[in-house]
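Indexing begins at 1, ligand by ligand and atom by atom, following the structure's order.
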Amino acid sequence: MRKPLFRAFLTVLLLLTLALTGCSRQAEEEKKDDALLLGFSQLGSESGWRIGNTKSVQEAAEAAGIRLMLENANQSQEKQLTALRSFIAYRVDVIAFSPIVQEGWDNVLREAREAGIPVIIEDRTVDTKDESLYAVHVGSDFYSEGVMAGEYLLKKLSTLPPETVLNVVELTGTQGSSPMLLRSAGFRDTVAKEPRVHILDSISGDFMISKGKECVRLMLEKYGTEFDVLFSHNDAMMYGALDAFGEYGVIPGRDVIIISVDGEQQAIDLLKEGKVNCVVECTPMLGEAIMQIARDLKDGKPVEREVYSSERAFTEFDDLSQLAPRGY
Ligand code: GYE
């Protein structure tokens with residue numbers, strides 16, 4: 001008599017369990033669909049900095065439960081424009097992108113605004129007359145980075161004999177990009193007051209190792225021992241430059257003063273070895289800030305218009321023994 005009753009009880013229990021797990025699975029799916037969708041257009045993979053930046057965005061999205069549509073434009077503005085338009089067509093909740101150059105974004109930004117999609121400019125900046133075309137810029141103060149590079153050089157000069165004249169070769173990043181324009185301006189404005197610092201030449205290595213090497217070879221051919229200082233707009237080009245110096249028997253850090261920007265672990269190691277004299281920090285770890293801003297924008301909360309990372313310079317005059325691993 002008891003058995004059929006017990007069986008009925010078991011069947012009800014089983015059905016209830018199935019219904020409940022079904023419900024929670026459905027809820028999970030809905031939650032996933034509900035998650036903020038962020039379209040992120042990365043400009044390329046030209047440096048360790050850039051690879052660290054992409055990783056930071058991917059990891060932060062994952063940790064924040066944000067769905068990420070990531071497109072890498074491989075150094076092409078055309079491809080970035082296509083990626084941005086595909087995000088608009090897809091109706092993502094928020095767009096973030098690092099503009100390869102400053103100019104040429106107004107039309108696509110207008111299209112995003114018409115579609116009601118807020119835009120976060122990360123890392124590099126855009127040049128636009130209509131500031132309402134994007135919501136936030138989050139990244140570094142590139143002008144200050146140039147100033148820090150110049151200040152280091154002035155300090156170095158003060159340790160050298162008074163008759164010293166320093167001839168600088170500037171190895172710039174991608175032409176028309178905001179870090180290239182602003183690092184250059186900050187550096188020049190800072191050294192302009194010192195007549196013993198002279199800018200010999202300026203050449204673009206496009207932020208890449210291979211081009212940095214080629215450019216420095218050219219400069220060594222052209223100027224030989226007149227070349228006293230290298231100001232490289234990023235670490236990657238500086239690595240290439242060190243290869244070129246090696247080929248010409250020039251000892252970096254001693255025969256030529258080396259200044260670089262980014263602060264990758266490899267550059268800090270070279271600084272500690274005395275092959276580099278100054279590395280200005282520029283952090284690629286922008287992922288968490290982007291996710292927070294994206295959430296606030298989706299929830300209609302107020303956001304700060306300009307979010308700068310706090311940065312410093314690492315130089316041969318500093319004690320770097322306690323410096324934490326850079327993570328990029
Ligand atoms: O310095 C360089 C990268 O836009 C700040 O781009 C960034 C620069 C960075 O390729 O390494």
| said: Under 4.0 Å, counting heavy atoms only: does Pro179 come that close to any atom of ligand 1? | reply: yes
| query | Of all the atoms in ligand 1, which lie at a distance below 4.0 Å from a heavy atom belonging to Arg183? | reply | 1 (O), 5 (C)
| request: Look at ligand 1 and say whether Val261 reaches it with a heavy atom at a distance under 4.0 Å. | output: no
| field | Shortest protein contact, atom 10 (O) of ligand 1 (heavy atom only) | value | Glu46 OE2, 2.4 Å
| message | Suppose I only count heavy atoms of Ser47 and a 4.0 Å limit; which atoms of ligand 1 are within that range? | response | 2 (C), 3 (C), 10 (O), 11 (O)
| request: To the nearest 0.5 Å, tell me how far Met180 CE sits from Phe142 CZ. | output: 13.0 Å
| Hey, does Asp262 come in under 3.5 Å of ligand 1, counting only N/O atoms on both sides? | yes
| request: List the closest protein heavy-atom neighbour of atom 2 (C) of ligand 1: residue, atom name, distance to the nearest 0.1 Å. | output: Asn234 ND2, 3.5 Å
| query | For ligand 1, is there an N or O atom under 3.5 Å from any N or O atom of His233? | reply | no
| message | Using a 4.0 Å cutoff against the non-hydrogen atoms of Phe142, which atoms of ligand 1 qualify? | response | 5 (C)
| Can you tell me which residue and heavy atom of the protein come closest to atom 4 (O) of ligand 1, and the distance to 0.1 Å? | Arg124 NE, 2.8 Å
| field | Candidates Leu286, Val94, Val136 - the one meeting side-chain contact (heavy atoms from CB on, under 4.5 Å) with Ile293 | value | Val136
| Salt bridge present between Glu145 and Arg183 (N-O < 4.0 angstrom) | yes
| said: My understanding is that we take every heavy atom of each candidate and find the minimum distance to atom 7 (C) of ligand 1. Doing that for Val280, Asp123, Leu286, which one comes out nearest? | reply: Asp123
| said: Looking at Arg50, is its backbone amide N or carbonyl O close enough to the side chain of Thr54 to form a donor-acceptor pair, meaning the two atoms are under 3.5 Å apart? | reply: yes
| field | Sidechain N-carboxylate O distance under 4.0 Å for Arg326, Glu264 | value | no
| query | Would you find a donor on one side and an acceptor on the other, under 3.5 Å apart, between the side chain of Gln80 and the backbone of Ser98? | reply | yes
| task | Check whether Val191 and Leu200 end up in the same hydrophobic cluster, where Ile, Leu, Val, Met, Phe, Trp and Tyr are linked by side-chain heavy atoms less than 4.5 Å apart. | result | no
| Is any side-chain N of the basic residue among Glu163 and Arg196 closer than 4.0 Å to the acidic one's carboxylate O? | no
